[in-house]
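Single-structure report; data block below.
As the structure is a prediction and not an experimental result, all values here were calculated from the model. Values below: every heavy atom of this structure, side chains too, minus hydrogens, waters and symmetry copies.
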Amino acid sequence: RAWKGILPLQNVHATYRLSEGSEPLEAAEELMRADEAYFSSFSQFERLRSSLRKETGVSCGPGRTAEELREAGIDANVFPSEVEWREWCK
């Protein structure tokens, strides 16, 4: 499900989960315009990465997602949770 709110100072998009089948069209479209994106799993990132612009910042929580992004050569910003990420984006 795509987060509908755009923070006032930046074009920010948070993704939560993937549905079975094709990538969520709404999430992909919003990611094409996002300056920052937060992923809660590496599978989300893999599925939606083609929708990210080269300059879009990638963020995630600590743990497995951060490890897998690092292993894939992605320099992600790591936050304790999505709440802290949203605060950082303001």
Legend entry - Glu46/Arg49 salt bridge by N-O under 4.0 Å criterion: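 Answer for the salt bridge query: no.
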Rounded distance [0.5 Å steps], [atom1] in [X] versus [atom2] in [Y]:
X: Phe79; Y: Trp85; atom1: CZ; atom2: CH2; result: 8.5 Å
X: Gln44; Y: Leu31; atom1: CD; atom2: CG; result: 9.5 Å
X: Leu69; Y: Ser59; atom1: CG; atom2: OG; result: 9.5 Å
X: Ile74; Y: Phe42; atom1: CD1; atom2: CZ; result: 7.0 Å
X: Met32; Y: Ser51; atom1: CE; atom2: OG; result: 4.5 Å

Legend entry - Side-chain donor or acceptor of Glu84 paired with backbone N/O of Pro80 under 3.5 Å: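 Not confirmed, Glu84 side chain does not pair with Pro80 backbone.
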Inset, instruction - Verify, without hydrogens or angle tests, whether Thr56 (side chain) and Asp35 (backbone) share a donor-acceptor contact under 3.5 angstrom. - result: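 Such a contact is absent between Thr56 side chain and Asp35 backbone.
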Inset, instruction - Keeping to residues at least two apart or across chains, list the salt bridge (Lys or Arg N to Asp or Glu O under 4.0 Å) pairs with something in residues 55-64. - result: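 Listed by first then second residue: Arg53-Glu55, Arg64-Glu68.
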Legend entry - For Ser40 against Thr65, the heavy-atom pair lying closest together: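 Taking Ser40 first and Thr65 second, the nearest heavy atoms are O-OG1, 3.2 Å.
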Inset, instruction - Could you tell me which non-hydrogen atom of Glu82 sits nearest to which non-hydrogen atom of Tyr38, and how far apart they are? - result: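 Glu82 and Tyr38 have their closest heavy atoms at N-OH, 3.5 Å.
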Inset, instruction - Identify, with sequence neighbours excluded, every residue that meets side chain to side chain contact (heavy atoms under 4.5 Å, CB included) alongside Arg70. - result: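 Only Ala66, Glu67, Val78 meet the side chain to side chain contact (heavy atoms under 4.5 Å, CB included) criterion with Arg70.
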Legend entry - Beyond-backbone contact of Val83 with Trp88, side-chain heavy atoms, under 4.5 angstrom: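 Answer no - side chains too far apart.
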Legend entry - Partner residues of Glu71 under the salt bridge (charged side-chain N to carboxylate O under 4.0 Å, His left out) criterion, sequence neighbours left out: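 Listed in chain order: nothing, the list is empty.
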